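Whatever order the structure lists ligands and atoms in, that order sets their numbers, starting from 1. Predicted model only: the values in this text are computed from it and were never measured.
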Amino acid sequence: MKIVNLGESNSILNRFVSELRDVNIQKDSLRFRRNIERIGEIMAYEISKDFSYSQKDIQSPLGIAPMSTPDDRVVISTILRAGLPYHQGFLSYLDYAENAFVSAYRKYKDRLNFDIHIEYIASPRLTDKTLIITDPMLATGSSMELAYEALLTKGHPAHIHVASIISSKQAIEYLQRKMPDDKTTVWIAALDDELDDHSYIIPGLGDAGDLAYGEKE
Ligand SMILES: O=P(O)(O)OC[C@H]1O[C@H](OP(=O)(O)OP(=O)(O)O)[C@H](O)[C@@H]1O
Ligand SMILES: O=c1cc[nH]c(=O)[nH]1
Ligand SMILES: [Mg+2]
């Protein structure tokens with residue numbers, strides 16, 4: 001499995017991630033959602049470099065321009081809720097993509113232990129397509145694993161891009177065991193060392209879904 005951490009090189013991406021983490025700036029939920037969306041746009045651009053390209057003759061008003069354009073049939077798939085603004089960022093650039101949505105939430109059995117419940121999936125056929133599964137946070141990696149398994153009921157993609165923003169080291173190790181090694185690429189913008197007792201990423205940013213859309217009861 002290939003891992004690409006775009007945060008390792010200096011770019012404006014790192015300021016957007018910093019603002020997501022910043023306890024003062026992240027209170028502005030409009031900016032929080034927009035920063036996730038902007039990171040989605042940057043990630044979509046970076047992932048597009050991995051697509052297959054072929055040359056086409058494009059008729060301009062004044063002549064024919066040979067242009068190399070992507071041929072992948074892309075499906076952008078998002079894990080609700082925090083993935084929604086991320087999805088929008090991807091779709092802004094990959095505007096010909098199809099779209100899939102999967103729900104995943106933590107149902108706590110007690111203060112510390114939880115199961116992840118997948119109750120909703122809406123997806124086109126995935127066979128032989130390029131599947132991008134987007135979720136800003138990879139903490140234990142379980143939501144991503146279960147969302148991926150649910151998506152497999154819609155067919156087997158040619159390649160899977162897991163696109164996240166902040167991942168724990170534990171989640172990367174977990175996904176290396178759970179996702180197909182030869183056709184998965186994981187894209188992240190930051191890699192954090194730890195999880196706390198509640199399986200939140202440390203330092204992370206807190207609860208991405210709540211920061212984007214408000215606290216749940
Ligand atoms: O790697 P994991 O341990 O599975 O944790 C990561 C998941 O947690 C967050 O969603 P959450 O369950 O908080 O739902 P929300 O987006 O509705 O807040 C996040 O968006 C991931 O889906
Ligand atoms: O750190 C975490 C873990 C799960 N979900 C989040 O939004 N953040
Ligand atoms: Mg949440």
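The number of heavy atoms from other shown groups lying within 6.0 Å of CG (Asn10) does not exceed 12.
For ligand 1, the atoms sitting less than 4.0 Å from at least one non-hydrogen atom of Ile116 are 4 (O), numbered in the order shown with element in parentheses. Counting atoms of ligand 1 from 1 in the listed order, those under 4.0 Å from a heavy atom of Met137 are 6 (C), 19 (C), 21 (C). Distances below 4.0 Å separate heavy atoms of Ser142 from the following atoms of ligand 1: 1 (O), 4 (O). Ligand 1 places these atoms under 4.0 Å from at least one heavy atom of Thr140: 1 (O), 2 (P), 3 (O), 4 (O). The Ser199 neighbourhood of ligand 2 comprises atoms 3 (C), with distances under 4.0 Å to a heavy atom of that residue. Taking every non-hydrogen atom of Gly209 and a distance limit under 4.0 Å, the qualifying atoms of ligand 1 come out as 16 (O), 18 (O). Residue Ala82 has at least one heavy-atom neighbour below 4.0 Å for each of these atoms of ligand 1: 16 (O), 20 (O). Interface atoms of ligand 2 facing Ala139, defined by a heavy-atom separation under 4.0 Å, are 3 (C).
In Asp135, the part holding a heavy atom less than 4.0 Å from any atom of ligand 1 is the side chain. In Ala208, the parts holding a heavy atom less than 4.0 Å from any atom of ligand 2 are both the side chain and the backbone. Counting heavy atoms under 4.0 Å from ligand 2, residue Ala82 does not touch it at all.
The shortest N or O to N or O distance between Ser143 and ligand 1 is below 3.5 Å. Below 3.5 Å of separation, one finds an N or O of Arg81 facing an N or O of ligand 1. Between Arg106 and ligand 1, at least one pair of N/O atoms sits closer than 3.5 Å. Of the N or O atoms in Met144, none lie within a sub-3.5 Å distance of an N or O in ligand 1. Residue contacts with ligand 1: Ala139 is placed with a nitrogen or oxygen under 3.5 Å of a nitrogen or oxygen of the ligand (distance criterion only). Taking distance alone, with nitrogen or oxygen atoms compared against 3.5 Å, Ile201 approaches ligand 2 more closely than that limit.
Proximity annotation for atom 6 (C) of ligand 2: of Ser167, Pro136, Ala171, Gly206, Gly206 comes nearest, heavy atoms only.
Annotation for Ala189 and Asn14: closest pair O-OD1, 4.3 Å, computed over non-hydrogen atoms. Closest approach of Asp207 to Arg81, counting heavy atoms only: OD1-NH2, 4.3 Å.
Looking at Thr130 and Val75, their side chains never come closer than 4.5 Å, going by heavy atoms from C-beta outward. Between Lys129 and Val74, every side-chain heavy-atom pair lies at or beyond the 4.5 Å cut-off. No side-chain heavy atom of Val102 sits less than 4.5 Å from a side-chain heavy atom of Tyr120.
Side-chain contact, Asp50 with His161: no donor N or O sits under 3.5 Å from an acceptor N or O.
For the ligand labelled ligand 2, residue Arg106 lies inside the 4.0 Å heavy-atom shell.
Side-chain atoms of Ser103 come within 3.5 Å of backbone N or O of Glu119 as a donor-acceptor pair.
Under the 6.0 Å cut-off for aromatic ring centres, His198 and Phe114 do not qualify, their centroids lying 6.0 Å or more apart.
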After noting the C-alpha distance and the side-chain angles of Thr69 and Lys56, does the key distance pass the side-chain hydrogen bond (donor to acceptor under 3.5 Å, both in side chains) rule?
CA-CA 7 Å; Thr69 60; Lys56 287 110 188 162; 2.8 Å; yes
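Checked against Asp115 for a salt bridge (charged side-chain N to carboxylate O under 4.0 Å, His left out), the options Lys107, Lys109, Arg106 give a single hit: Lys109.
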